[in-house]
Protein chains: 2
Amino acid sequence: MKLTPEQLAAQLPTLDGWAHGAERGGVLTREFQFKDFVQAFGFMAQVALHAERMNHHPEWFNVYHRVNVTLTTHDVDGISAKDIEMATLMNRIAAAFTA
Amino acid sequence: MKLTPEQLAAQLPTLDGWAHGAERGGVLTREFQFKDFVQAFGFMAQVALHAERMNHHPEWFNVYHRVNVTLTTHDVDGISAKDIEMATLMNRIAAAFTA
């Protein structure tokens, strides 16, 4: 189910580093920067396992230590609770690297 | 060392599916399509290990079963032998999935 503007406004402040874009009915985007490629791909590998289990996959671009992520839910033409869950998960995984 | 136009012209026909772009002094690009996310990320994981060992990393975008790759060698402002090697390697890894 697509989040209402009110639901999204309530969730966004909890998602450190994520921005809301209006395209495609609504997307969440964030850039992650790591120490090097090993860390960046280690992050992606962890996220990939969760994404497959959740059956909710990110769009992402990687070059060396940088990972740019876009989250949206095609089925609802916008942002759903699954995107919030995935954004929260990515922040938690990334935080473990930079700690 | 940046490949000469003649060297590049000789190599390109051996790189099935790869296109040459003029931007940034020269890039190689290819889109790979797999059966699903598990295959696509499996491909990326194999390539990532080789990339780290070669110390030559791709730029790539993934969404579900699709992986779009750009190869270039920043140090030489264009395409080097490392890009040819990486393109060849990616084709070999991808071919094992679709066989």
Side-chain angles (χ1 to χ4, degrees), chain A residues 18 21 23-80 82-83 85-87 89-90 93-94 97, chain B residues 18 21 23-80 82-83 85-87 89-90 93-94 97:
Chain A
W18 290 85
E23 63 268 30
R24 295 158 58 192
V27 297
L28 293 174
T29 59
R30 182 174 173 183
E31 176 169 304
F32 293 91
Q33 294 228 14
F34 298 94
K35 193 184 67 171
D36 53 21
F37 179 73
V38 170
Q39 275 201 3
F41 199 81
F43 165 78
M44 293 176 75
Q46 289 189 51
V47 171
L49 296 175
H50 288 283
E52 185 62 20
R53 191 176 56 192
M54 293 166 64
N55 193 27
H56 191 60
H57 303 86
E59 303 176 20
W60 44 9
F61 172 80
N62 161 244
V63 53
Y64 199 61
H65 68 311
R66 184 159 60 82
V67 182
N68 291 82
V69 182
T70 299
L71 301 177
T72 191
T73 302
H74 186 73
D75 291 351
V76 305
D77 279 324
I79 299 167
S80 74
K82 279 192 164 184
D83 298 306
E85 186 183 350
M86 178 57 83
L89 173 74
M90 285 187 172
I93 291 173
F97 278 104
Chain B
W18 290 85
E23 64 268 30
R24 295 157 61 191
V27 297
L28 293 174
T29 60
R30 183 175 171 181
E31 176 169 303
F32 293 92
Q33 295 229 14
F34 298 94
K35 193 184 67 172
D36 53 22
F37 179 73
V38 169
Q39 275 201 2
F41 200 81
F43 164 78
M44 293 176 75
Q46 288 189 51
V47 171
L49 296 175
H50 288 283
E52 186 61 20
R53 192 176 53 190
M54 292 166 64
N55 193 27
H56 192 60
H57 303 86
E59 302 176 21
W60 44 10
F61 173 80
N62 161 244
V63 53
Y64 200 60
H65 68 310
R66 185 159 60 81
V67 182
N68 291 82
V69 182
T70 299
L71 301 177
T72 191
T73 302
H74 186 71
D75 291 350
V76 305
D77 279 324
I79 299 168
S80 74
K82 279 192 165 183
D83 299 306
E85 185 183 351
M86 177 59 82
L89 174 75
M90 285 187 171
I93 291 173
F97 278 104

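Lettering follows sequence order; numbering is per chain, from 1.
- Residues of residues 54-63 of chain B placed with any heavy atom under 4.5 Å of a heavy atom in chain A are listed by number as B:H57, B:P58, B:E59, B:W60, B:F61, B:N62, B:V63.
- Scanning residues 64-74 of chain A against chain B with a 4.5 Å heavy-atom cutoff picks out A:Y64, ordered by number.
- Under the 4.5 Å side-chain criterion, counting only non-hydrogen atoms from C-beta, A:F41 is in contact with B:M44.
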